[in-house]
Amino acid sequence: MAEFLQFAFSGLTVGAVYALVALGFTLIYNASDVVNFAQGDFVMIGGMSTVFLYATGVPLPLAAIIAILTAVIVGLLLHRLAIEPARGASPVTLIIITIGASMFIRGVAQIVFDKQFHQLPAFSGDRPIEILGATLLPQSLWVLGGGLAVFVALWLFLERTLVGKAVLATAANRLGARLVGINTAVILAIAFGVSAAIGALAGVLATPITLTRFDLGTIMTLKGFAAAMLGGMGSPLGAVVGGLLLGLIEAFGAGYISSVYKDGFSFIAILVVLFVMPRGLFGGRSVERV
Amino acid sequence: MSKLASRLLGLGVSALAVAGLATTALAADPIKIGSVLSATGPAAFLGDPEKRTLEIYVERINAAGGVLGRPLELVLYDDGGDANKARTFATRLIEDDEVAAMVGGTTTGTTMAMMPVFEDASVPFISLAGAVEIIEPVREYVFKTPHTDRMACEKIFADIKARGFTKVGLISGTDGFGKSMRAQCMAVIGNFGIEVVADESYGPTDSDMTPQLTKVKNAAGVQAVVNPGFGQGPAIVTRNYAQLGIGLPLYQSHGVASKSFIELAGPAAEGVRLPSPALAVAEKLPDTDAQKPVVVEYKKLYEEKTGQPVSTFGGYAYDGLHLLVAAIQKADSAEPDAIRDALEATAGFVGTSGVFTMSPTDHMGLKVDSFRMLEIKDGDWTLVEVGG
Amino acid sequence: MTDTAATTPPARRTWSPRLVSLVFVTVVVAVLPLVFPSSYYLRVASLVWTSGLAVVGLNLLMGLAGQVSLGHAAFLGIGAYAVAVGPTHLGVPPIPSALAGIALSALVAWIVGKPIFRLKGYYLAVATLGFGLLLALVLTSESAWTGGPDGMPVERVELFGWRVTGALTWYWITGVALIIGVALALNLEASPTGRALRALHDSEVAASVVGVDAARLKLTAFVVAAVYAATAGALLALMNGFVTPDTASFMHSVEFVTMVVIGGMGSVVGALVGAAILVALPQALTVLQEYETAVLGLLIMVFMIFLRQGIVPGLVGLFRGMRR
């Protein structure tokens, strides 16, 4: 039982980070049909900026806020300078643009920051919490709590505020949204900004556990994208479930089967799910318009 | 153009011409040293200190008059950890840049890919990577400066045996270094009368090893744990180790013999032991130690010039460069074959990793005893006697 | 008075664009060694030809059939490791090993492709991604066979007692392989299969309505692309004398996709241009040292924003626009 719980805690913690990255993917995809391959780099910006600001003496909460704002600015710039000018290009072209952007961000990060690994002190201490024979780090609770808070906040934003509803409208039908007077360019910018903030927050919360480095973005993008697909691209609930599920499969696979092929299990699971449900878990029935 | 302006222009041009002539007259034919390092990519935290060390010392040597009256010219390329790119740059160094020798090859993968190029061209190649297969079997033109992964295993197992333990759990990284060190450990463990009771692994980008460590913790009779690996993995393993409250002695490899490991692992690092070159404990060495002056000086200069803590990886580059320079001076020539012969005849050279003595059958030059056993106490390295 | 309406101009034999492409590629391959100052350039060019071969194949899948594959480097890996494992562990000489690798690659593509191509769009992408990652994982983990993460050496090819070695030799081998590959690809484009693939790209539903067997066609394109990639992989491994699991990595797959898109999807010459840019440009950018990654990323973004259909279609479009 203790073993099972330990694996579960590990999987949920890592899964929460994947879920946040996947949420970022989903938001941008919903507003623009673009898959943003630079999503993972927002996580890196959040973590690395906080580390470097904190090292110069800025108190941790303030450093985190500035880091998140930095990521938002980068996200807005990405939209304004790279995505907007290419409006109307095919989806594949846009994806390659985001790949180029990811390289650019990584290239700049290695100059502005450095190439070493970095960590942050845990927010509420290092003493593990004992639960039924398994241990949980307090920081894991921060990550899980943060993830939940983001999900709820995002839901409230999308369902209850006017701007949020405008985002949903743009996602449902861009032309229709413009016809009713919604400024889709601004909506898109907001989507990028909020996505960046979510990613950066994930970075800040997770760095005390996972450490951070200038090229963290690549693996985060990969896992987040896979999680978003698993849950069904375009569904925020799917993103969260996909992320948590991915983390759990990794942990249980490593724990119960074989640690060598740990990464393999998650992708086998994704392939199996996609064969049975070609649009992911929450992707909805596929309808092709002729 | 006004008369004044054209006069000034003429003056400027002539001044430049004179300066150009002067510099070409002053510049003696430089000795080209090539280097292909992984300064970016997954091994960047190894390659970056190596690059800076080479740049700092080439500048310093040139400021002191160069080698054999000629300046050194460092031709440095970054392979990003990609063996294919490394191979291309190796060809570039030989064909285009025509280097006399090469100090580089941050990882075993890139080293193995480049080796045939240098062997075929008969140009000496001093590698900065860890695996024993680089110098075993011995190849005519390939040398290496870091201790082999097999030596690390031997040092760790000697310590474990001396402390009276017989059952050990392994948790290794699946990167090149972790995998090859694990293989070496499995090969030599029988010689120490020790048994492996758990054998787990983790990926180089994994962020949580509690599942694997839980299995190690629950293995029957386990008395100590060894973690072959480098990079962020061992730091996370160490933190998870403390989180799970395993309490048994933990050994790391020389792949993490740097201050940044202690920083990353935090308080969890207390009591962790690992084999390391003397550089990591530079000031703590007894004054009678032959290596002390060399490591203290390197540490001071590196930290002063880069503002970053010294790393043993940079130390490998220091050793490689200075071994090469010593060989050139000894051979009184910068011809590749002469350099190679002089390298093989190196005896008693004091470097940051140890005292090097090479031979036609030993292209590494260090023995297990130049490895020091270190333990982390109060957030810093301390020297311990084997079994102490 | 001549009756201009009645007389038609004499039938002139015009060069089809496809023939022009083939001739262009052949001329480039033949002429370059004359201008290269050293064999380092020959090596870079050989790398462009092998990458180009793989990308021409991927272009058939992505540009012609319109299906995206994020795991294509896996097939390169199969070809590369076949020529490594065959001689070393199974005692099979390099050339039969290469052929076996190509056949194996086609077989794997056929088996994996059948279920995978039921997916569409991004889901297809992530499935190919998963496949690629799984293969790379196997190559890294089964060290007894593959030498593990550090890779393994590859025996040199010996043809009737003569060791195939030397930059110029490999330049010609890879160059000729590329020319053959380009010729076959152009041929396929012009054939009924090619037209059916293009119909598939534009609208799968409309294509099936006219009787195109969508599933079988997609599979065909996938298998053909896999064969191209395996050939390229085998050539690369034999040329290098060494192979590492990085050959089949996710980043490598992404690089290939970038090459196809930057050069121009659907254009064979575009595939080559994309390969040339992503292989040769980093070599030229080494002077920038630390800034190389950032500059490369910036260039990719700029190319895609301003020449959004790819370089070759973009330039052709500009050219046509100027002529009017």
Side-chain angles (χ1 to χ4, degrees), chain A residues 2-15 17-18 106-107 110 114-119 121-122 126-130 134-137 139-140 206-216 218-220 222-223 247 250-264, chain B residues 38-49 51-52 80-81 171-172 174 179 198-218 231-236 239-240 242-246 256 258-261 263-268 306-309 311:
Chain A
E3 220 177 60
F4 178 85
L5 265 182
Q6 192 65 59
F7 299 157
F9 289 153
S10 161
L12 286 173
T13 308
V14 174
V17 182
Y18 298 158
R106 218 180 326 137
Q110 76 187 34
D114 68 20
K115 299 179 189 166
Q116 302 294 325
F117 292 102
H118 291 283
Q119 55 106 31
D126 277 317
R127 284 272 312 270
I129 307 167
E130 289 245 1
T135 59
L136 183 66
L137 283 177
Q139 193 65 28
S140 295
T207 299
I209 303 180
T210 65
L211 308 180
T212 183
R213 198 166 79 131
F214 78 99
D215 61 356
L216 180 72
T218 320
I219 189 78
M220 279 294 145
L222 188 62
K223 296 271 169 90
E250 273 181 17
F252 284 120
Y256 286 127
I257 312 179
S258 145
S259 50
V260 177
Y261 281 98
K262 180 177 79 99
D263 281 334
Chain B
S38 307
T40 55
F45 65 98
L46 299 172
D48 192 52
K51 175 169 181 252
R52 291 174 193 246
I171 173 166
S172 7
T174 53
K179 253 207 153 109
D199 185 13
E200 296 297 318
S201 64
Y202 57 86
T205 50
D206 286 355
S207 47
D208 185 293
M209 283 54 131
T210 47
Q212 293 95 321
L213 281 171
T214 307
K215 281 160 78 172
V216 171
K217 179 180 178 186
N218 295 339
Q232 67 175 41
I236 298 180
R239 291 160 73 121
N240 291 159
Q243 176 195 335
L244 292 175
I246 299 183
V256 291
S258 68
K259 263 295 176 63
S260 61
F261 167 72
E263 218 183 274
L264 287 175
T306 65
Q308 285 184 351
S311 96

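Since this is a predicted model, take the numbers as computed values, not measurements. A note on names: the letters A, B, ... follow the listed sequences, proteins ahead of strands, and every chain is numbered from 1.
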Nearest heavy-atom pair of [X] and [Y]: which atoms, and what distance?
X	Y	value
A:Ala254	B:Pro211	CB-CB, 4.2 Å
A:Gln110	B:Thr40	NE2-CG2, 3.1 Å
B:Ala44	A:Phe214	CB-CE2, 4.2 Å
B:Asp208	A:Ser10	OD1-OG, 2.8 Å
B:Ser207	A:Val14	OG-CG2, 4.0 Å

> Is a donor on one side and an acceptor on the other found under 3.5 Å between the side chain of A:Gln6 and the backbone of B:Thr210?
Replying inline: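 Pair absent, no side-chain N/O of A:Gln6 close to backbone of B:Thr210.
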> Within the side chain of A:Lys115, is there an N or O that forms a donor-acceptor pair under 3.5 Å with the backbone of B:Ala39?
Replying inline: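 Present.
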> When heavy-atom pairs shorter than 4.5 Å are enumerated against chain A, which of B:Ser172, B:Gly245, B:Gly41 gives the highest number?
Replying inline: B:Gly41
> Pick from B:Gln232, B:Lys215, B:Met209, B:Gln212: which one has the most heavy-atom pairs with chain A under 4.5 Å?
Replying inline: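 The candidate making the most pairs under 4.5 Å is B:Gln232.
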> With sequence neighbours excluded, what pairs up with B:Arg239 under the salt bridge (Lys or Arg N to Asp or Glu O under 4.0 Å) test?
Replying inline: none
Please classify the contact between [X] and chain B as side chain, backbone, both or neither, with a heavy-atom cut-off of under 4.5 Å.
X	value
A:Leu211	side chain
A:Phe252	neither
A:Leu216	neither
A:Arg213	side chain

> Side chain, backbone, both or neither: which part of B:Pro267 has a heavy atom under 4.5 Å from chain A?
Replying inline: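 Contact with chain A: side chain only.
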>> Please classify the contact of B:Gln308 with chain A as side chain, backbone, both or neither, using a heavy-atom distance under 4.5 Å.
In response: side chain
Would you compute the distance between atom [atom1] of [X] and atom [atom2] of [Y] and round it to the nearest 0.5 angstrom?
X	Y	atom1	atom2	value
B:Asn218	A:Glu3	CG	CD	5.0 Å
B:Ile236	A:Phe117	CD1	CZ	8.5 Å
A:Thr212	B:Leu264	OG1	CG	10.5 Å
A:Lys223	B:Thr205	NZ	OG1	5.5 Å
A:Tyr261	B:Thr174	OH	OG1	11.0 Å

> Do B:Ser260 and A:Gln119 have side chains that get closer than 4.5 Å, going by heavy atoms?
Replying inline: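 No, side chains not in contact.
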> Got a sec, which residues hit side-chain hydrogen bond (donor to acceptor under 3.5 Å, both in side chains) with B:Asp48, two or more places apart in sequence or on another chain?
Replying inline: B:Arg52
